[in-house]
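Sequence lines set the chain letters: A, B, ... in the order given, protein chains first and strands last, and positions in each chain run from 1.
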There are 2 protein chains.
Amino acid sequence: MTKQHRPTDGELEILRVLWREGPSTVRDVHSILSKAKPGTGYTTVLKLMQIMADKDLVSRDEKNKAHVYSPRIREDQTQKQMVGDLLDRVFGGSAARMVMQALATKKANPQELAEIRHMLDEFEQNGGAR
Amino acid sequence: MTKQHRPTDGELEILRVLWREGPSTVRDVHSILSKAKPGTGYTTVLKLMQIMADKDLVSRDEKNKAHVYSPRIREDQTQKQMVGDLLDRVFGGSAARMVMQALATKKANPQELAEIRHMLDEFEQNGGAR
DNA sequence: ATTGACCTACGAAGCCTTTCGTATTAACCT
DNA sequence: AGGTTAATACGAAAGGCTTCGTAGGTCAAT
């Protein structure tokens, strides 16, 4: 298994649609993306998705005229990968520092803070274990 | 003020050296980087740093023959920017989810967990306030 | 059958990043 | 001064990402 590259910005936008919407055609993806970013060209999205198929980021079903694309990598796995990457590249591996900046940026609401606290509890319970 | 782009991978490596070591010459930076990544070419680093000066990512003092480069953006500010960026691009803005993946990736040690918990306390004290 | 709508395939351009070779300039030493 | 060392400047190539125009195929309805 070859070590996966980070998906590019464009690829990530498409993956996010596929993760949220499930298997989709190029037209599906394009119409969603062009809502957020008007002016997005159809063939641009098409080409990108073709390339992603080449890279095995997505699979496609060619049974119908309009091919149906599905993500081949999982969202949580990708998130983990990208977070780990950022952790190394800009925080020298310090998760604490990263969390701090994340909270400073987003000023998470109390509910989110509670969620995080809850996660910490779980991590401390079984977590230290390797 | 024009909205800053994300620094590239190469630029980030250099910035990290400058943040840690303070104002440095190309030779300084090169000798440190080539320790971690043998085979790194001297002129490669030079060129990169020249480009960074063009982009105002760094400033340089040309008084001496070997120019001395200093970072022009701050580490914490860059960290905040990049974390916010990742938050939007891959976590749809959910800090809680991002923190979770960060902890899952790194299995932070108990000491770090305690630090994070402490930060949460502070955030809840003054932080929730809009 | 012809048209029109919609789809994929393909190639190419433009831009950015990284890398490196070569040329030039400056400093130092004897 | 001449030669060596070490620095910068510059150009260019290679590769990746994004964008888009154009060509060609398929299907259905007229």
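- Under the 4.5 Å side-chain criterion, counting only non-hydrogen atoms from C-beta, A:Gln4 is in contact with A:Leu57.
- Heavy-atom distances under 4.0 Å link DNA chain C to A:Gln50, A:Arg60 of residues 49-64 of chain A, given in residue order.
- Non-hydrogen atoms lying under 4.0 Å from DNA chain D are contributed by nothing in residues 27-35 of chain A.
- Applying the side-chain contact (heavy atoms from CB on, under 4.5 Å) test to B:Arg74 and every residue at least two apart in sequence or in another chain returns B:Asp76, B:Gln77.
- Annotation: salt bridge (charged side-chain N to carboxylate O under 4.0 Å, His left out) contacts of A:Glu115 (sequence neighbours excluded): none.
- For the side-chain hydrogen bond (donor to acceptor under 3.5 Å, both in side chains) condition, no pair includes a residue of residues 38-52 of chain A, sequence neighbours left out.
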Under 3.5 Å, which N/O atoms of the protein pair with N/O atoms of nucleotides 24-30 of chain D?
none

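- For residues 25-41 of chain A, every residue pair satisfying the salt bridge (Lys or Arg N to Asp or Glu O under 4.0 Å) rule, not counting sequence neighbours, is listed here: A:Glu13-A:Lys37.
- Contacts between residues 13-24 of chain B and DNA chain C, counted as heavy-atom distances below 4.0 Å, involve no residue at all.
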Return a table of donor-acceptor pairs under 3.5 angstrom between the side chains of residues 63-73 of chain B and protein atoms on other chains or two or more places apart.
from, atom 1, to, atom 2, distance (Å)
B:Lys63, NZ, B:Asp61, OD2, 3.3
B:Tyr69, OH, B:Arg60, NH1, 3.0

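- Here A:Leu120 pairs with B:Leu103, B:Leu113, B:Ile116, B:Arg117, B:Leu120 under the side-chain contact (heavy atoms from CB on, under 4.5 Å) rule; sequence neighbours left out.
- Sorted by first and then second residue, the salt bridge (Lys or Arg N to Asp or Glu O under 4.0 Å) pairs with a member in residues 88-103 of chain A read A:Asp85-A:Arg89, A:Asp88-B:Lys106, A:Arg89-B:Asp9; sequence neighbours excluded.
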